[in-house]
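Here the structure comes first, spelled out in structure tokens, and everything after it is commentary.
In what follows, every chain begins at residue 1, and chains take the letters A, B, ... in the order their sequences are listed. All values below come from the heavy atoms of this structure, side chains included, with hydrogens, waters and symmetry mates left out.
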Amino acid sequence: MTTKIKTRFAPSPTGHLHIGGARTAIYCWAFAKANDGEFLLRIEDTDQKRSSDQATTGFFNDLKWLNILWDEGPEFEGTGGGDKGPYYQSQRLDIYKEQLQRLFDAGMAYYAFETAEELGEERKKARAEKRAYRYNRASLELSPETVQRYLDEGKPHVIRFKVPDGGPLTVTDCVVGDVTVERSEVDDFVIFKGDGFPTYHFAVIVDDALMNVTHIIRGQEHLNNTFKHILLQEALGFERPIFAHISLIFNPDGSKMSKRDKDKALRKYVRDNNIESPPETCISSDAWANWQSSKDNQLDTDDATKLALALGIELPEINVDDFKQAGYMPEVLLNYLCLLGWSPGNDVEQFDADFLVETFSLERIVKSPAKFDRAKLLAFNLDALQKLSSEEFEARLLAWCQEYAPEFSELDKFSLFASANHERSKTFKDATITSSFLIEDDEAVTWPESKPVKKALLKGEVSGLSRMPAIITAFKELEVWNAETIDGCLHALADEIADGNLGKVAQPVRIAVAGGPVSPPIGDTLVLLGKESTITRLKRCENYFSKYYEL
RNA sequence: GGUCCCAUCGUCUAGUCAGGUCAGGACACCAGGUUUUCAUCCUGGGAACAGGGGUUCGAAUCCCCUUGGGAUCACCA
């Protein structure tokens with residue numbers, strides 16, 4: 001009997017799930033499902049300083065939103081569970097210590113007492129001499145008595161892995177192929193940190209082995225680490241899993257798409273505009289000072305969002321949650337993400353999760369890195385949105401509005417709002433942007449003196465503005481206020497005062513009520529607004545622009 | 001800098017492993033058309049095998065070099 005295939009996604013819960021991580025999770029999930037295997041989720045929270053429960057819950061939510069559910073792992077809203085837990089590395093310390101003891105017993109682990117500063121010096125020196133830094137094994141020379149004395153004294157220490165002698169190391173990667181490295185390139189890396197927790201390298205191979213993971217699909221930044229991992233696996237007598245290293249995702253400018261991009265965007269803006277203190281009631285001055293003191297100190301997500309809002313700049317979307325907020329559909333993001341580094345062939349590009357599971361294979365993963373193209377994602381979202389039935393669109397738009405734009409979800413005529421916006425929306429958010437005039441007070445509408453506005457209202461032998469009184473009168477007389485009667489009224493007006501040219505009457509009306517040249521079809525727009533608001537806005541607009549008449 | 005990885009239209013990619021149709025599709029772009037705005041939608045168009053050597057009757061495809069890009073070199077994962 002062949003062993004069941006098991007993949008895992010093992011994020012470190014710092015910040016949010018970003019696009020690159022999401023793609024890795026999707027590939028892991030798809031590969032497991034495509035091969036009748038299992039997908040495991042494990043939380044790598046051995047870095048106590050940076051991990052948080054809040055971030056962990058965020059990861060669960062993001063994964064769940066994408067409908068990437070784990071067969072095994074932390075329990076969350078009905079998914080997860082399993083008998084190989086706990087699935088949080090911070091709760092597995094005893095297990096790691098047990099495995100560590102086996103390494104000590106085999107003489108393959110040793111204590112090291114150098115301080116971070118000392119090591120830093122060594123590294124600098126290595127760099128200056130244009131060679132790679134390797135730990136010099138100084139602590140390995142210490143006598144057992146000295147080591148014991150240091151330990152008794154409570155001297156800070158780490159535990160290192162003693163890399164065994166031998167020839168070159170080769171790993172066969174499913175995506176990259178054979179990769180060989182000289183063993184001398186691997187130094188005695190740290191496996192237990194000064195805080196008593198294992199490092200990533202140690203924890204990951206122990207967990208993968210004990211949880212029976214068969215395939216490790218992860219980002220290519222781990223390719224070099226793989227040699228450390230296979231050495232550790234051999235030392236502990238674990239079976240070597242199958243590796244697949246997938247390429248990275250880049251920004252359109254070629255830089256690595258990373259969680260730091262938001263921070264970078266903010267810093268650049270602040271620097272370029274010589275902003276020296278945070279805008280009023282935005283973030284605390286402590287947070288600002290700490291942020292400005294070093295570029296290693298990132299602003300936390302909430303503060304970053306607030307600051308961006310206060311400065312009026314758009315932060316790049318890089319987290320799954322950013323795209324959710326921006327009004328993309330999860331199945332579209334999943335589809336598009338898959339295409340960044342994998343394709344099913346046969347010119348197929350748009351597909352659903354079922355198709356993915358039917359066709360996914362490691363062989364078709366592309367080796368080269370991909371740039372993230374928002375325009376294509378947007379086009380995909382548009383296509384998917386247009387394929388939705390009107391009922392479905394309405395339901396999903398409502399759910400989105402309830403979370404991100406409650407003023408729209410409370411609209412009396414939500415149904416009409418949805419149908420009026422369906423065909424012109426590329427995202428759920430689009431609907432709220434093109435219809436933002438709906439939630440404005442009649443008295444708050446303003447008109448930019450832009451080209452399209454002037455063209456519709458002021459240009460021509462007979463200007464749009466001059467037709468306004470007739471339009472207002474006609475509307476006042478309309479007894480039944482619905483799309484048909486309004487359209488009928490406008491058509492009649494067009495015939496009477498604009499040589500049958502509907503645009504000449506509809507466009508001025510649109511601008512008057514919406515404050516700009518864009519809105520849903522005019523009939524729907526006016527029904528949504530109601531007769532009273534419509535007439536109030538038409539009058540205000542006429543009044544506002546009448547100054548041009550006098551010129 | 002050491003080590004490792006990568007290289008087809010502007011972008012994502014098919015084609016590469018088993019050399020042999022004007023290098024295919026999508027997004028973007030450009031030009032027309034439909035449309036009461038916007039967004040759609042329809043038609044058409046330009047657009048690539050990084051460079052140089054080999055191997056071969058024949059190379060995007062196999063080999064080598066150059067160039068370019070990237071990852072990594074932590075008591076972060």
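One interatomic measurement links the two molecules: CG of A:D524 to C1' of B:U36, which rounds to 13 Å at whole-angstrom precision. Regarding A:N335, its CG atom lies at a distance of 13 Å from the P atom of B:C27, rounded to whole Å. Here the P atom of nucleotide B:C6 and the NE2 atom of A:H245 are 13 Å apart, to the nearest Å. The separation between A:R374 atom CZ and B:C12 atom P is 14 Å, rounded to whole Å. One interatomic measurement links the two molecules: CD1 of A:I365 to P of B:U16, which rounds to 18 Å at whole-angstrom precision. Distance, A:W342 CH2 to B:A14 C1': 13 Å, rounded to whole Å. Straight-line distance from the CZ atom of A:F250 to the C1' atom of B:C12: 14 Å, rounded to whole Å. Computed from coordinates, the A:L337 CG to B:U11 P distance equals 19 Å when rounded to whole Å.
Between A:D165 and A:R183 no salt bridge is recorded (no basic side-chain N to carboxylate O distance below 4.0 Å). Look at A:R42 and A:D208 and you find a salt bridge, because one of the NZ, NE, NH1 or NH2 atoms lies within 4.0 Å of a carboxylate O, short of that distance. A salt bridge is defined here as a Lys NZ or Arg NE, NH1 or NH2 lying under 4.0 Å from an Asp or Glu carboxylate O, and A:R424 with A:D430 fails to meet this definition. Taking 4.0 Å as the cut-off between side-chain N and carboxylate O, A:K376 and A:E349 count as a salt-bridged pair.
In this structure, A:G345 reaches neither bases nor backbone, as no heavy-atom distance under 4.0 Å exists between it and the strands shown. Backbone-only contact: A:T180 has heavy atoms under 4.0 Å from sugar-phosphate atoms and none from a base. Note on A:D187: nothing from the nucleic acid sits closer than 4.0 angstrom, heavy atoms only. At a threshold of 4.0 angstrom between heavy atoms, the contacts of A:G341 are confined to the sugar-phosphate backbone, with no base atom among them. Contacts of A:H201 with the nucleic acid, taken as non-hydrogen atoms under 4.0 Å apart, include base atoms. A:S368 comes within contact range of the sugar-phosphate backbone alone, with a heavy-atom separation under 4.0 Å but no base atom that close. The residue A:V366 sits close only to the backbone: its heavy atoms come under 4.0 Å of sugar-phosphate atoms, none of a base. Heavy atoms of A:Q48 sit nowhere under 4.0 angstrom from any nucleic acid atom. A:P11 comes within 4.0 angstrom of nothing in the nucleic acid, heavy atoms only. A:T46 comes within 4.0 angstrom of sugar-phosphate atoms only, judged by non-hydrogen atoms across all strands, and of no base. Within 4.0 Å (heavy atoms only), A:P452 reaches no atom of the nucleic acid at all. Across all strands shown, A:E423 has heavy atoms under 4.0 Å from base atoms, whether or not it also approaches the sugar-phosphate. Residue contacts shown for A:R218 are absent, as no nucleic acid heavy atom lies under 4.0 Å away. Using a 4.0 Å heavy-atom distance criterion, A:H222 is classed as a base contact.
The side chain of A:L119 lies closest to B:C75 when the candidates are B:U36, B:C75, B:C5. Listed nucleotides: B:C5, B:A71, B:G25. Nearest to the side chain of A:E221: B:A71. Side-chain proximity of A:V518 to the nucleotides B:A77, B:U37, B:G1 is greatest for B:U37. Closest approach to the A:K371 side chain among B:C5, B:C12, B:U37 is made by B:C12 (side chain taken as heavy atoms from C-beta onward). Closest to the side chain of A:V181, from the set B:U72, B:U3, B:C6, is B:U3. Candidate nucleotides B:A26, B:C6, B:A14 were compared by shortest atom distance to the side chain of A:K367, and B:C6 ranks first. Taking only side-chain atoms of A:L340, from C-beta outward, the nucleotide of B:C27, B:U40, B:C12 with the closest atom is B:C12. The nucleotide whose nearest atom lies closest to any side-chain atom of A:R160 is, among B:U36, B:C6, B:C75, B:C75. Counting only heavy atoms from C-beta on, A:L223 has its side chain closest to B:C4 among B:G70, B:C75, B:C4. Counting only heavy atoms from C-beta on, A:N225 has its side chain closest to B:A77 among B:C12, B:A77, B:A14.
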Distances under 3.5 Å between nitrogen or oxygen atoms of protein and nucleotides 33-35 of chain B:
none

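With both ends at atom C1', the span from B:A14 to B:U21 equals 15 Å, rounded to whole Å. Straight-line distance between the C1' atoms of B:U13 and B:A47: roughly 15 Å, to the nearest whole Å. Distance check on atom P: B:G58 versus B:G68 gives 32 Å, rounded to whole Å. B:U8 sits 14 Å from B:A59 when the C1' atoms are compared, rounded to a whole Å. For the C1' atom pair drawn from B:U11 and B:G32, the interatomic distance equals 25 Å after rounding to whole Å. Rounded to whole Å, the C1' atom of B:C6 lies 23 Å from the corresponding atom of B:G25.
Taking for each of A:Q507 and A:N224 the nucleotide of RNA chain B with the nearest heavy atom, the 5'-most of the two is the partner of A:Q507. If A:F380 and A:A506 are placed on RNA chain B by their nearest nucleotide, the residue sitting closer to the 5' end is A:F380.
Between A:R42 and the phosphate of B:A77, there is no side-chain N or O to OP1/OP2 separation shorter than 4.0 Å. Checking the phosphate oxygens (OP1, OP2) of B:A77, a side-chain nitrogen or oxygen of A:K193 falls inside 4.0 Å. A close approach under 4.0 Å does not occur between any side-chain nitrogen or oxygen of A:S12 and OP1 or OP2 of B:C76. One finds a side-chain N or O of A:K426 lying less than 4.0 angstrom from the OP1 or OP2 phosphate oxygen of B:U40. The phosphate of B:A74 has OP1 or OP2 within less than 4.0 Å of a side-chain N or O from A:R123.
Both distances falling under 3.5 Å, in either a Watson-Crick or a G-U wobble arrangement, place B:G2 opposite B:U72. Nucleotide B:A7 has B:U67 as its partner under the Watson-Crick or G-U criteria, with both atom distances under 3.5 Å. Nucleotide B:A18 is matched to nothing when pairs are restricted to Watson-Crick or G-U wobble geometry with both distances under 3.5 angstrom.
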(message) As a quick check of understanding, evaluate salt bridge (charged side-chain N to carboxylate O under 4.0 Å, His left out) for A:E121 and A:R123, giving each step before the final call.
(response) CA-CA 5 Å; A:E121 285 303 312; A:R123 265 185 219 109; over 6 Å; no
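Side-chain rings of A:F408 and A:F417 approach one another, their centers coming within less than 6.0 Å. Two rings, from A:H201 and A:F189, have their centers less than 6.0 Å apart. Separation of the A:F192 and A:F161 ring centroids does not fall under the 6.0 Å cut-off.
With hydrogens and angles ignored, a donor-acceptor pair closer than 3.5 Å exists between the side chain of A:K376 and the base of B:A26.
Side-chain atoms of A:H245 and A:T226 form a donor-acceptor pair, as typed in the model, at a separation below 3.5 Å.
Relative to the ring axis of A:Y150, A:K155 places its NZ or CZ within 45° and under 6.0 Å from the centre.
The aromatic rings of A:Y111 and A:H157 sit perpendicular, their planes meeting at an angle over 60°, well past the 30° parallel limit.
Exactly one of A:F372, A:F351, A:W342 qualifies for a ring pair (Phe, Tyr, Trp, His ring centres under 6.0 Å) with A:Y336. That residue is A:F372.
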